[in-house]
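Everything below concerns the one structure shown next.
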Amino acid sequence: MPNYWLMKSEPGVFSIDDLANCPNQTEHWDGVRNYQARNMMRDQMHKGDLVFFYHSSCKNTGIAGIAKVVKEAYPDHTALDPDSAYFDPKSTVDNPRWFMVDIRFVEKFTHLVSLQHLKENPLLKDLPLVQRGSRLSIMPVAEKQWNEILAMVPGR
DNA sequence: GCCAACGTTGGC
DNA sequence: GCCAACGTTGGC
């Protein structure tokens, strides 16, 4: 059984369309700089897990589609690159502080499941995404929540 | 652009 | 270990 996740991305930076247009429709998920998110990604995210791709900080916030984990956590090289916005001087080759996984495009929803609709569904009240003040960029999704959200996808 | 909420840093 | 200051996230 796969685990289920939700990962946020700003579509102005990297959208689900960008993922679909990558070589092999696969890209590494760099730039995670939050320990809670890192720990989940590093310790609990496994090959074959499914991911809701969430568009944040944009006009239409919500879940835009599905991706899947195709490579488990390995060091995030952008932390070692002084020219990267994600550079972290405290991360080293021998002792990497930040990690990333590779994900592959699976499906784009014809219409996204909006944050507003997610918030309105009482069955999703425990999802960190809809909780007040939550800023987690990677979060687990329970199987029941996953199925509930899938049932909310317009036209699916 | 605003700002509430949160995470991190660093002095003590 | 406390906590004030600061930086970031992300919805609105």
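Only a predicted model underlies this, so the values are computations on that prediction, with no experimental measurement involved. Chain letters run A, B, ... following the sequence lines, proteins first and then strands; every chain starts at 1.
Closest non-hydrogen pair, A/Trp5 versus A/Val141, comes out as C-CG2, 3.6 Å. Closest approach of A/Pro75 to A/Phe99, counting heavy atoms only: N-CD2, 3.7 Å.
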At a cut-off of 3.5 Å, list every protein nitrogen or oxygen paired with a nitrogen or oxygen from nucleotides 6-8 of chain C, distance to 0.1 Å.
{"unit_1": "C/dT8", "atom_1": "O2", "unit_2": "A/Arg135", "atom_2": "NH1", "d": "2.8"}

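Atom CD of A/Glu148 has more than 12 heavy atoms from other residues, nucleotides or ligands within 6.0 Å. In A/His111, the NE2 atom is not crowded: 12 or fewer heavy atoms of neighbouring residues, nucleotides or ligands sit closer than 6.0 Å.
Going from atom CE of A/Met7 over to atom P of C/dT9 covers 15 Å, rounded to whole Å. Atom NZ of A/Lys8 is separated from atom P of C/dT9 by 10 Å (rounded to the nearest Å). One can place OH of A/Tyr35 at 10 Å from C1' of B/dT9, the figure rounded to the nearest angstrom.
Between A/Phe14 and A/Trp29, the angle of the ring planes goes over 60°, which puts this pair in the perpendicular group of the 30/60° scheme.
Using modelled atom types, one finds no donor on one side chain facing an acceptor on the other under 3.5 Å when comparing A/Asp81 with A/Tyr86. Under 3.5 Å, the side chains of A/Arg33 and A/Thr78 contain a donor-acceptor pair of N or O atoms. A donor and an acceptor atom, one from each side chain of A/Arg42 and A/Tyr35, are nowhere located under 3.5 Å apart.
Of all the residues in residues 52-63 of chain A, A/Tyr54, A/Ser56, A/Ser57, A/Thr61 reach under 4.0 Å from DNA chain C with at least one non-hydrogen atom.
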